[in-house]
Amino acid sequence: MDPRYLQIGTLASLLVYGMFALDFEILPLNAALIVGSAQVAQWAGDRAHGRRYDPRSALITSLSLCLLLRTTAPWVAVLAAAAAVGSKALIRVRGKHVFNPANFGLVLAVLGTGQAWISPGQWGNAALVALFFAGVGTTVTRRSERADIPFAFLGFTAALLFARSAWLGEPLTIPVHRLQSGALLLFAFFMISDPKTTPDARGARIAYAGLVAVLAFAISYVWYVPSGIVWALFALSPLVPILDRVAVAERYQWPSLTAAAAPGR
Amino acid sequence: MIASFAARAGRGVQLALVTAALAPAAWSFCGFYVAQEPGSLFNRSSKVVLVRDGEHTVLTMANDYRGDPREFGLVVPVPQEIRPDMVKVAERAILDKLDQYTVPRLVEYYDEDPCPDEQLAWGRAAEAKAKSSSELEYSSAAREDDRSYGVHVEQTFSLEEYDIVVIRAEGGSGLEAWLRKEGYQIPAGASGILESYIRQNMHFFLAKIDLSAQKELGVQWPRPLRVSFDSPKFALPIRLGTVNADGAQDLLVFALTPRGRVETTNYRTAKMPTDLDVPEYLVDGGNFATFYSATFERKVRRDGMSAVYTEYAWPLQVVCDPCTTEQLTGAELNALGATWASDYHGGMSGGFVTRLHVRYDAAHFPEDLMFQETADAAPWQARYVVHHPFRGDTRCAAGRRYEVELLERQASEVANVSALTGWDPAEIRRFVPARSDR
């Protein structure tokens with residue numbers, strides 16, 4: 001089965017849970033605009049390239065944006081979704097898009113408009129939520145054969161957090177608390193795990209995970225800027241084409257009905 | 001906000017009537033504020049005003065200290081050396097006004113006469129107004145002594161009723177011992193926390209009360225202290241307070257920022273339930289305070305003491321509605337450190353105020369609170385609504401419909417309170433008078 005269906009189901013469930021159980025400040029209008037605009041942009045892009053219209057990836061992008069983007073201005077929601085899907089079509093190197101679309105749309109909206117923000121604490125830090133994310137996330141990423149990168153990223157992050165707390169003499173409840181952050185786990189299993197915007201070779205992927213973890217740590221705990229993981233991924237995404245040159249491997253393809261005949265699969 | 005209607009000829013009574021049916025209130029009017037005793041909500045909370053503009057922070061700490069002034073001691077980790085020009089004594093009244101301005105509120109409406117042609121409608125006139133340091137000679141002998149504890153005194157000065165000392169330390173255990181020697185009631189086990197602050201290159205701001213200065217100034221209780229500093233961190237150190245606490249601490253943070261609402265980044269920030277109909281009896285006495293305390297306690301319990309709660313978020317150039325006290329002036333905001341605020345036309349000022357309420361202990365809140373200012377500038381308030389039933393004659397067709405709707409509404413009011421507080425609905429219903437006793 002195409003892992004994207006599982007991802008869509010999971011993201012939609014998380015959105016419903018977030019809106020009703022955790023009182024996320026997601027305006028239903030904004031959510032509808034994000035999903036709608038992404039589909040329109042996808043359709044326009046598919047038409048322009050003479051491809052069959054496929055809503056799946058745009059749906060994942062828009063659901064991720066719904067979960068992460070906060071804004072009171074509907075036009076920002078539209079812009080973020082359109083830019084996210086647009087970046088997939090327009091910012092490409094050797095036929096592979098550079099930025100995770102949701103990450104791109106998020107960064108553009110927050111830094112570019114001044115009317116959007118990210119709430120990294122919105123999921124809380126409950127052990128149960130963490131377990132859920134990890135469990136579901138593992139299932140989803142194993143389906144897409146990309147379970148290595150979320151675990152590598154979390155491993156590097158845990159090492160950095162524990163090292164910092166040990167050096168400061170802080171109780172270890174602090175790094176444990178930080179690792180239970182729903183936002184961190186959502187990022188690990190649903191954003192940085194994106195098989196289309198991460199290096200093709202496993203070794204390069206793990207190295208990439210390490211670089212993102214280190215930069216995110218510096219942004220969060222050296223410069224004290226919130227949501228470090230989002231900025232770190234954005235800043236380091238242009239490195240992926242370079243890593244693909246250095247460590248050549250098969251490019252990821254979503255499974256399809258003609259999987260047996262498709263090249264590289 | 002009062003709409004007046006002339007009396008029917010023959011009765012000659014001036015009335016104030018609100019035109020609000022059983023339907024939810026119109027956007028333009030948020031109800032009359034039901035005045036509470038100022039400070040009756042959570043007067044045991046620590047109160048802190050946190051002003052943040054760019055990398056500049058102004059922190060005002062109020063204390064409810066009512067004990068022996070000789071035993072008072074404040075220890076605050078700060079990111080830089082605090083010089084005398086960075087400290088001020090603040091007026092308690094401004095902080096209390098900010099507290100009152102942002103307090104969760106009860107508002108009231110009056111149901112109008114469902115049979116207006118029948119007889120004179122009456123109602124009570126609602127109250128629309130809200131019924132809330134010279135340089136000390138520090139001897140060189142003492143300095144030597146400090147060094148043996150690893151403590152370097154950077155500043156010592158008097159400020160009104162306070163003696164202020166700013167220090168750097170080399171180690172947590174040395175600092176803990178030095179603080180105890182100097183008469184600060186530092187709880188055992190604090191050395192670990194102190195050490196973690198020391199390793200982050202933090203200094204320590206210490207304050208004690210100067211008894212003779214206090215007497216001279218005629219100040220009965222120590223006033224709030226205001227400290228300014230620059231730091232990339234937008235945070236509030238809460239961990240020191242959790243070490244010796246018997247049970248959970250209660251903290252109110254009033255954040256003043258130039259743009260929008262403030263929330264925590266390392267803990268969940270959630271809004272308190274709002275805009276709910278509640279029974280009429282909450283208008284009386286301290287019933288609302290009891291209700292809101294119970295609501296807050298229940299929220300904390302159900303969320304497993306894991307969140308910070310927003311009770312008020314309001315752009316300061318938008319008039320409060322309803323107002324629980326006078327509008328905050330630019331001068332008052334400046335006094336708290338919000339230097340961007342000024343008096344606009346009509347006495348209003350710029351920026352945004354967020355009231356955050358957190359109940360915490362060491363186990364559930366292991367980290368200091370880290371904040372961010374969002375771009376959310378939408379007005380929001382914790383507001384609970386009473387609709388006073390019409391108490392006149394309802395013997396007409398519309399009146400009978402009104403009575404039926406009223407019973408339904410009263411049932412949902414009771415259900416709301418029960419859901420919010422966890423109280424038994426039967427207990428609550430005892431305070432709702434039957435319609436026959438009018």
Side-chain angles (χ1 to χ4, degrees), chain A residues 18 21-25 27 69-73 76 109-130 161 164-184 218-230, chain B residues 55 79 171-173 189 191-202 231-235 239 242 259-274 299 302-304 306-310 313 362-380:
Chain A
L22 294 177
D23 297 322
F24 279 8
E25 317 257 309
L27 301 170
L69 181 71
R70 296 281 164 273
T71 182
T72 50
V76 172
V110 175
L111 293 184
T113 68
Q115 293 198 44
W117 67 96
I118 305 166
S119 290
Q122 69 187 10
W123 295 97
N125 295 57
L128 233 54
V129 175
L161 288 174
R164 178 176 196 262
S165 290
W167 178 68
L168 286 179
E170 284 176 339
L172 295 181
T173 49
I174 291 184
V176 168
H177 183 253
R178 289 175 179 160
L179 286 169
Q180 288 174 328
S181 157
L184 180 73
I219 295 173
S220 304
Y221 298 103
V222 176
W223 301 311
Y224 295 109
V225 174
S227 305
I229 44 185
V230 173
Chain B
E55 289 202 349
S173 40
S191 61
I193 296 180
L194 293 171
E195 179 74 34
S196 72
Y197 287 126
I198 290 165
R199 290 195 194 174
Q200 292 176 67
N201 296 320
M202 295 191 88
S231 170
K233 248 201 215 181
F234 183 9
R239 283 157 58 215
T242 63
R259 277 198 319 146
R261 183 178 56 82
V262 167
E263 61 182 29
T264 46
T265 58
N266 57 349
Y267 293 96
R268 191 163 78 92
T269 298
K271 286 181 169 157
M272 286 299 288
T274 189
K299 200 87 174 67
R302 307 247 342 235
D303 290 341
S306 64
V308 174
Y309 298 97
T310 309
H364 294 91
F365 280 81
E367 296 187 63
D368 289 333
L369 300 177
M370 301 283 297
F371 301 100
Q372 70 175 1
E373 181 187 12
T374 66
D376 179 10
W380 185 90

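Below, chains carry the letters A, B, ... as their sequence lines are ordered, and counting in each starts from 1.
Panel note: side chain A:S181, backbone A:L184; a donor-acceptor pair is recorded below 3.5 Å.
Both the backbone and the side chain of A:R178 have a heavy atom closer than 4.5 Å to some heavy atom of chain B. Looking at B:R261, only its side chain comes within 4.5 Å of chain A, counting heavy atoms on both sides. Proximity to chain B is absent for every atom of A:A73, based on heavy atoms less than 4.5 angstrom apart. For A:W123, the part sitting under 4.5 Å from any heavy atom of chain B is the backbone (N, CA, C, O) and nothing else. Looking at B:T265, the atoms closer than 4.5 Å to chain A (heavy atoms on both sides) sit in the backbone and in the side chain alike. For A:I118, the part sitting under 4.5 Å from any heavy atom of chain B is the backbone (N, CA, C, O) and nothing else. In this structure, chain B has heavy atoms under 4.5 Å from both the backbone and the side chain of A:P120.
If you tally non-hydrogen atom pairs under 4.5 Å between each of B:D376, B:T264, B:N266 and chain A, the highest count goes to B:D376. Between chain B and the residues A:T113, A:T173, A:V110, A:V176, the largest count of heavy-atom pairs under 4.5 Å involves A:T173. Residue with the most contacts toward chain B among A:P226, A:G182, A:A183: A:P226 (heavy-atom pairs, distance under 4.5 Å). Top candidate by heavy-atom pairs under 4.5 Å with chain A, chosen from B:R259, B:Q200, B:E195, is B:Q200. When the candidates B:S196, B:G304, B:S231 are compared by the number of heavy-atom contacts under 4.5 Å with chain A, B:S196 comes out ahead.
The six-membered or imidazole ring of B:F365 lies near that of B:Y267, with a centre-to-centre distance under 6.0 Å.
In this structure, CD1 on B:I193 lies 12.0 Å from CD1 on B:I198, to the nearest 0.5 angstrom.
Geometric assessment of B:R239 against the ring of B:Y197 yields a positive cation-pi assignment under the 6.0 Å and 45° thresholds. Cation-pi check for B:R268 over B:Y309 is not met; the charged atom does not lie both under 6.0 angstrom from the ring centroid and within 45 degrees of its normal.
Counted by atom type alone, B:E263 and A:S119 present one or more donor-acceptor pairs between their side chains at under 3.5 Å. A donor and an acceptor atom, one from each side chain of A:E170 and A:S165, are located under 3.5 Å apart.
The side-chain heavy atoms of B:T374 and B:V262, taken from C-beta on, include no pair separated by under 4.5 Å.
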